[in-house]
Amino acid sequence: MRISVQEAAFDFAAEMAGFGQGRADVGAIVSFTGMVRDDSGQMTALELEHYPGMTERAIAKIVDEAVTRWVLADCLVIHRTGRLGIGEPIMMVATAARHRVAAFEAAEFLMDYLKSRAPFWKKEHALSGETAWVAAKEADEDALRRW
Amino acid sequence: MRISVQEAAFDFAAEMAGFGQGRADVGAIVSFTGMVRDDSGQMTALELEHYPGMTERAIAKIVDEAVTRWVLADCLVIHRTGRLGIGEPIMMVATAARHRVAAFEAAEFLMDYLKSRAPFWKKEHALSGETAWVAAKEADEDALRRW
Amino acid sequence: MVDIVYFAWVRERIGLARETLQTDAATVADLIAELCARDPRYAAAFADTSALRVALDQDLSEFDAPLAGVREVAFFPPMTGG
Amino acid sequence: MVDIVYFAWVRERIGLARETLQTDAATVADLIAELCARDPRYAAAFADTSALRVALDQDLSEFDAPLAGVREVAFFPPMTGG
């Protein structure tokens, strides 16, 4: 179980290389990577503000909850902060479990909670110089209800 | 969209390196890797038989269906055949989409259908020399009903 | 003339991976009846068709499907991929 | 003495990232009322608390929660991680 909140880019391949490997009880590994999208064609960067201290605490609570609900052989959460360019990875989650359903569900649970319960805030920077805070989506709050 | 049925091992890192990258419309990438498990501690290998010709056709139909249901920027399915050791990767699926829900759902849909609708059959080889065909699980057939 | 292919334990039980048959069977079920009459190994393999799947020209099909125009019939247990 | 921290547009609207306050406020809501009375920038930031979240000592909490023993109060908009 590893959690990292960092400004630096992460190396997806290196992170996954040993993840859940070399174990006879791991049948399923799921990864999710979130990347900076530009829907308008007018964006130049995405800025991620967070609440140092609470961020790590909140993610640890979410991971603890996942580990209580599903039997996971391993679990990884990396979330970046600071200024990111279009197409850059923002964060990743990985889960390793005996069966596919647990690995998928735990990864989706982690993502749903990281979206709405970890103290990150996204600000879009436009080519024009304008900035706008990304509004939370009702669908993201609704997504928590299924768990 | 790439489909490969192969005896050779695949390089997860290399497959994911360019997957869904360099696009402003991709916000979510999901990967699934299936590995050879040994629940009994008595296994030495897993053998995967398949139906050459139909296998590629069946996977292509499943991928076509996924692409109809979800808007995917990219989609990858690799499935191995032949004799695999414990802990070796059997197969992988990857999906790239605008949002996380589409990427997760499409990956799970692909997995559910590959489990029960692509002509692969698993045979367990025990240390004792005995072999046993893996029985299809009712839960895997049931999993198709949610789609 | 129809090619018949067998996979997994169906192949092992019948002892053949592929054979070509001259048949007038109208449906898959008729073909199975014809095979079962030929040899007890077929009767053993086809004893419980609910445990079997059939593909016609590499598409999953049903046991009451007609065989007209079909070149390849495949019999196998439920699939266990992924 | 309580530390108050602000994030995202709450921080921008108030013009402060952190301040330390001597307060007798019993609850979060009382503290907000006290801040709003001080300066119109607070009133603007706290105009619609349904659009805000509060954390007490780095745990998400509620606006009617008591402040007794709390060292750090954080105000911010709904989170947008992932």
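Basis for what follows: all heavy atoms, side chains included, without hydrogens, waters or symmetry-related copies. The structure presented is a predicted model; accordingly, all values stated were derived computationally and were not measured.
- For chain D, the option among A:Met91, A:Met92, A:Arg57, A:Glu47 with the highest count of heavy-atom pairs below 4.5 Å is A:Arg57.
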Test side chain to side chain contact (heavy atoms under 4.5 Å, CB included) on A:Gln21 and A:Val26; report intermediate values, then the result.
CA-CA 8 Å; A:Gln21 301 296 306; A:Val26 170; over 6 Å; no
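- Between the side chain of A:Asp112 and the main chain of A:Leu144, no donor-acceptor pair closer than 3.5 Å is present.
- Between chain D and the options A:Ala118, A:Ala58, A:Gly34, the largest number of non-hydrogen pairs under 4.5 Å is found for A:Ala118.
- Only the side chain of D:Ala55 has a heavy atom closer than 4.5 Å to any heavy atom of chain A.
- Side chains of D:Tyr6 and D:Glu12: a donor-acceptor N/O pair is absent below 3.5 angstrom, by distance only.
- Only the side chain of A:Lys123 comes within contact range of chain D, with at least one heavy atom under 4.5 Å from a heavy atom of that chain.
- Checked against the 6.0 Å centroid threshold, A:Phe120 and A:Tyr51 do not count as a close aromatic pair.
- When heavy atoms are compared at a cutoff of 4.5 Å, A:Arg117 approaches chain D by way of both its backbone and its side chain.
- Under 4.0 Å is where a charged nitrogen must lie from a carboxylate oxygen, and between A:Lys61 and A:Glu65 no such pair does.
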